[in-house]
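Below: the structure, in structure tokens.
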Number of protein chains: 2
Amino acid sequence: MDLNEKQIQILQVAEKLFAHHGFEGTSIREISREAGVNIAMVSYYFGSKEKLMEAIFHYRVNTAWFGVQEILGDTSRDAWEKMKILFGSFIEKINEKKYFHQIVVRQQLLGEAGPVGEMMDEVRCRNFGILEQLVKEGQQAGLFKPEVDVALMIVTMVGVSYQLMHLEHFYRKISHLENMTQEAYDTELRIRLKNHLETLFKSILFK
Amino acid sequence: MDLNEKQIQILQVAEKLFAHHGFEGTSIREISREAGVNIAMVSYYFGSKEKLMEAIFHYRVNTAWFGVQEILGDTSRDAWEKMKILFGSFIEKINEKKYFHQIVVRQQLLGEAGPVGEMMDEVRCRNFGILEQLVKEGQQAGLFKPEVDVALMIVTMVGVSYQLMHLEHFYRKISHLENMTQEAYDTELRIRLKNHLETLFKSILFK
DNA sequence: GTTTAAATTAAACGACCGTTTAATTTCGTT
DNA sequence: AACGAAATTAAACGGTCGTTTAATTTAAAC
């Protein structure tokens, strides 16, 4: 499914509004007004509001873990270095696509019902497989400890990153970063989050 | 504000539905039908849908950190033991009030706007103060390392716990806990989460 | 038993919702 | 210039929304 310029415009506006006000909290009229198109264009291009949401997920998910296999196959790095690259790229991804990941959290709260729920379940299983493989590699090399709860590891990575993203205002206030520009804050946070996750993952993976 | 039996009935039904389908995704008609009362009763008792949400927060928040001061003041335990008790009781709380904490996550996504946003900000600041105090106590005793990002610590505790709660289905599948009863699963998870947070917090607090 | 305030009800209100229709415009192809 | 498919539009559709109204029932106080 290739999208023209106007379709992408609608998609991105809808993504932002769904992230801020939720699916039910956003009206087609709002989306079309903000995107500068007629109300009927949404149905015309996407069929329905539900299908619009699905289109957002297809638009984002298909480019999600691009290039991961290359990292995993790299024999010049050990499992721990690969792991650091992996969660580093995860941090970049969610920082780059904040709106989408807010929608993901909302969809998580709805459970795994609907076609979007199935998509997310697939992605999660794929990510679990990747991380599991990497952990096994590290264990076989005698680098990581023998018993590691990979699911809890993902939950930790995703949970901490999401929560930090949601509580931006609070974290800025508490950490005296209120006067930073958004760009500078994002950069600073990526660094802090990366160091933090590295600390946490060390305690999970090593003896 | 003291609530009669019927008001509490409405509150609890609304809490469940808001958690599952969100604020905008839940109608007054649904709430009143499920609670077995007339539609007009919600406006009659609470004024409006918004005020109903506020009432839910007052209902839950007021009993939130009950008994914490006693733990902190206990001189027979060191800071690390108190810390373990503290996040242990946090785990109990969110497990006990799952629905409410799903609403909290939804409200987080809306930012800190509105009267509910202010309430949550207050609670967060209070919790931050409590944890900060405890960390300082541990540092002065030479137990914890001198530089600790308390905000990141809270984010870790809350983020991991929430994420694990949201991904119950996924975690059950991946960890082969699908056939457990809800009760047994909850118990097992509280144990795993407690151990996990202990591991993580050790890496944050100790050298 | 009468009074009075609280509780409860069915019905109606106007507003907004997602979607469809049918007419019109746009624009590349012939 | 004429055609036809795609794009765009204003208007209307039936339905649901949160809230209010006005009438009725309930139940406690006197």
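Residue numbers start from 1 in every chain, and the chains themselves are labelled A, B, ... in the order their sequence lines are given, proteins ahead of strands.
Side chains of A:Gln163 and B:Gln108: a donor on one and an acceptor on the other come within 3.5 Å.
Rounded to an integer number of Å, the gap from A:Phe18 CZ to C:dG18 C1' is 12 Å. For B:Phe46 and D:dG18, the CZ to P distance is 15 Å, given to the nearest whole Å. For B:Lys51 and D:dT20, the NZ to C1' distance is 14 Å, given to the nearest whole Å. Rounded to whole Å, the distance from CD1 on A:Ile31 to P on C:dG18 is 8 Å.
In summary, B:Lys194 and B:Glu198 do not engage in a salt bridge, as defined by a charged side-chain N under 4.0 Å from a carboxylate O.
B:Glu137 is linked by a side-chain hydrogen bond (donor to acceptor under 3.5 Å, both in side chains) to B:Lys82, counting only residues two or more places apart in sequence or in another chain. Taking the side-chain contact (heavy atoms from CB on, under 4.5 Å) definition, one finds that A:Thr181 meets it with A:Glu183, A:Ala184, sequence neighbours left out.
Within the structure, ring pair (Phe, Tyr, Trp, His ring centres under 6.0 Å) pairs that include any residue of residues 164-185 of chain A do not occur (at least two apart or interchain).
Two residues are said to be in side-chain contact when any heavy atoms from C-beta on lie closer than 4.5 Å; A:Met120 and A:Arg124 meet this criterion.
One axis for each end of the helix from C:dG1-D:dC30 to C:dT30-D:dA1, each built from five base pairs, and the angle between them comes to 0° at 10° resolution.
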Protein heavy-atom contacts under 4.0 Å, written 5' to 3' over nucleotides 23-29 of chain C as B (base), S (sugar-phosphate only) or - (none), form the string -------

The contact string for nucleotides 6-17 of chain D, one letter per nucleotide 5' to 3', using protein heavy atoms under 4.0 Å with B, S and - for base, sugar-phosphate only and none, comes out as SBBBB-B----B

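Aromatic rings from A:Phe201 and A:Phe206 are positioned such that their centres are separated by 6.0 Å or more.
Atom NZ of A:Lys145 sits in a crowded spot, with more than 12 heavy atoms from other residues, nucleotides or ligands closer than 6.0 Å.
By the 30° and 60° cut-offs, the orientation of the rings of A:Tyr99 relative to A:His20 is perpendicular.
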List the steps, then state whether side-chain hydrogen bond (donor to acceptor under 3.5 Å, both in side chains) holds for A:Thr156 with B:His196.
CA-CA 9 Å; A:Thr156 302; B:His196 185 60; 2.7 Å; yes

